[in-house]
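A, B, ... follow the sequence lines: proteins, then strands. Residue 1 opens every chain.
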Number of protein chains: 2
Amino acid sequence: MNLKELSLKLGLSPTTVSRALNGYPEVNEATRERVMAAARRHNYHPNTRAIRLATGRAMAIGHIVPVSTKHEIVNPIFADFIAGAGETYTRAGYDLLLSVVSDQDETRTYRSFKSRGAVDGVIVHAPSADDPRIAFLTEIGMPFVVHGRATGATAPYAWLDVNNRRAFRRATDFLLDLGHRRIALINGLEYMDFAIRRRSGYEMALAERGLVLDPGLMHSDEMTESYGYRSARNLLALPDPPTAFLVSSMIPAIGVRRAVEERGLKLGRDISLITHDDELSYLRNGEDVPIFTATRSSVREAGRLAAEMLLELIATPDMTPPTRLLEAELMVGLSTGPARTLP
Amino acid sequence: MNLKELSLKLGLSPTTVSRALNGYPEVNEATRERVMAAARRHNYHPNTRAIRLATGRAMAIGHIVPVSTKHEIVNPIFADFIAGAGETYTRAGYDLLLSVVSDQDETRTYRSFKSRGAVDGVIVHAPSADDPRIAFLTEIGMPFVVHGRATGATAPYAWLDVNNRRAFRRATDFLLDLGHRRIALINGLEYMDFAIRRRSGYEMALAERGLVLDPGLMHSDEMTESYGYRSARNLLALPDPPTAFLVSSMIPAIGVRRAVEERGLKLGRDISLITHDDELSYLRNGEDVPIFTATRSSVREAGRLAAEMLLELIATPDMTPPTRLLEAELMVGLSTGPARTLP
DNA sequence: AATCAATTCCAAACCGCTTTGGGTTTCTCA
DNA sequence: TGAGAAACCCAAAGCGGTTTGGAATTGATT
């Protein structure tokens, strides 16, 4: 059932039927009703391909999942972020186009999105400092919203981020208040912008109390469980081990816990741990009382909001790029306590 | 730059240019070269929307991420499965359309995919027993491959699955051989087909040794960390607690470990645990020696293979539906040992 | 040299919708 | 009653490709 057939059945022109269905004013309300009813009855849905060609809009948003050829990691954060964004798209009648490409092909994919007219905009994931994608997308005129920020960008651009620096500064302060002085930082890859900001928050808090940084306590890598475990095991084996850990995600935090318990120590009593918690749906931080003390910010909600910002930007191309900074809550759980010197 | 402009520049008709680029034989090789070179030089990419309308093919595959309104869980397996499938699509020039819909809207989404002509085929995730989607998709003539199987389907359909029954039977046998008699099963939701098969494997192994099932040892729920923790904590508090756990995924297994250690027990010594391991990229089961003894099967590889099957099915519509059964390896790790009676 | 086949290219139709630019009716008001 | 405005509807021209059905040219064959 297509437009022509439907209009034939109704004894109207395709023009009128199209207008009736799309809510244009130049059609009689009675006629509109009749058309609507017929469309429903015959289960008519306009062909997406034709709409897209005719309007020049793709009615789709692109997300690129970069798969690093080095470590082959699929960021577990994506699933929830995309679920959030997807809810927004579905509501607005947009499709979500997911492209899995090796990281060095990313700009090629953006270019192809553009020249093929496959999407109306994109979300940029996991920005690094001075991320080249921002200038590139601006240049080719592709609307975008960055999930995170990219220190070093000159021109304004649209972004949505968590206040990572403040969150980690507060978390560090909290540990310092508990008497901890040797605090390890188990961070993400430090070319990532979020990791840079978190480290900066950590450093600021220490500096404020006149403490010197110990580079030996600062680790940085892809945020897997194994990484958390390995880091913590090595750190706990030091002659002067840390009494607290500040961790960038629940997943390495679980690895840290494994190392701590393997050593016969107990979190919250012998060792303190604060992690960032993205509220991943399958990895809730406990049910009533949080397992880990955590800086908390829902990545799913971030996805919803970023998608809304992008759709708005597409609808109003020459608006000033919207930005939004979310604050993370500091939730006290069972993994922190006063500093104790280890036996 | 579009086809008409390019053909004008070349002094050829759009027909010839199109044919040259698409490898049709009725064009001079010299001309083809010339066209190819010009296309590259002017960075010409045919407009996807126009191709889709003209050919009637969507050049896209749909994946539906059902978000249960009850528990709001995003299956963490998706991320890796989709990454695998996405690799195949990218290589074949297909797009991946992701739709996030609440579970009761799923068939509506399939219908809309069909009538809008948005995709050429779909992957069906997480089938339940007698999954209605299979009959439905067959009826509307939408090519599909099921990731998993649906006991109870009558007509043949395309699927790719892990031999869950055999895997869990072997795992149970392994525990029995170690002397365990009270083995808890921490399963996924039991309307899911994979969970039914795993349970069946577990039951078969017990029955074979003449052991009676204890329903009190069998839990079933959405596979989150909290669920694993809660189940294990309750089970370990029983007067006659299990000495071993058989778990459906790494994520609840981590919860089980938390409960075990909280009780001051040690995995592999006091309590044995075998989990299924999907080889999630961010949650590797240890680096050299597996943390958990596990039945292992890469879900990412499954994604790659399922996508290949689907593309094949789309290219050859009246082939008999392909099927593929993957065997899981049983990897011995540090979480299993001979049965010990607890103090 | 005439004939037939193969090669090479093109004009025009088509995919299914939106949108422009009128053309009729009907209504309003002097 | 006639003019102008408003309301309602339509034919036709896109959107940017692919594909059909020739036409013109070249080559091979007798």
In whole Å, I'd like the distance from the [atom1] atom of [X] to the [atom2] atom of [N].
X        : N      : atom1 : atom2 : value
B/Ile51  : C/dC17 : CD1   : P     : 20 Å
B/Leu53  : C/dT18 : CG    : P     : 12 Å
A/Arg57  : C/dC17 : CZ    : C1'   : 12 Å
A/Met1   : C/dC15 : CE    : P     : 16 Å
A/Asn47  : C/dC14 : CG    : C1'   : 14 Å
B/Lys4   : D/dG17 : NZ    : P     : 10 Å
A/Arg116 : D/dG17 : CZ    : P     : 13 Å
A/Met59  : C/dC17 : CE    : P     : 15 Å

What residues 22-37 of chain B contributes to the DNA chain C interface at heavy-atom separation below 4.0 Å is B/Glu26, B/Val27, B/Asn28, B/Thr31
Answer yes or no: does a side-chain N or O of B/Thr16 lie under 4.0 Å from OP1 or OP2 of C/dC10?
->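 Yes, within the criterion.
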Exercise. Is the shortest side-chain N/O distance from A/Ser18 to OP1 or OP2 of C/dC17 below 4.0 Å?
Worked result: no
Could one point to a donor on the side chain of B/Thr15 or the base of D/dT18 with an acceptor on the other under 3.5 Å away?
-> no
To the nearest 0.5 Å, atom CE of A/Met59 lies from atom CD1 of A/Ile51 at 8.0 Å
When rounded to the nearest 0.5 Å, the distance separating CG of B/Leu97 from CD1 of B/Ile61 is 10.0 Å
Taken in chain and number order and not counting sequence neighbours, the residues that satisfy side chain to side chain donor-acceptor pair (under 3.5 Å) with B/Thr55 are none
Just jot down the side chain to side chain donor-acceptor pair (under 3.5 Å) partners of B/Glu29, sequence neighbours excluded, or say none.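 B/Glu29 satisfies side chain to side chain donor-acceptor pair (under 3.5 Å) with B/Arg32 only.
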Relative to each other, are the rings of A/Tyr110 and A/Phe136 parallel, tilted or perpendicular (30° and 60° limits)?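 Rings of A/Tyr110 and A/Phe136: tilted, as their planes differ by 30° to 60°.
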Which nucleotide in the set C/dC15, C/dC9, C/dT18 lies at the smallest distance from any side-chain heavy atom of B/Arg19?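 The nucleotide sitting nearest to the side chain is C/dC9.
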Considering only heavy side-chain atoms of A/Leu12, the closest of D/dC10, C/dC17, D/dG16 is D/dC10
**Prompt:** Given side chains that start at C-beta, do those of A/Val101 and A/Ile64 come closer than 4.5 Å, heavy atoms only?
**Reply:** yes
Per nearest nucleotide of DNA chain C, the residue lying toward the 5' end, B/Gly11 or A/His45, is B/Gly11
Aromatic ring proximity A/Phe78/A/His63, centre distance under 6.0 Å: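 No - the distance between ring centres of A/Phe78 and A/His63 does not fall below the 6.0 Å cut-off.
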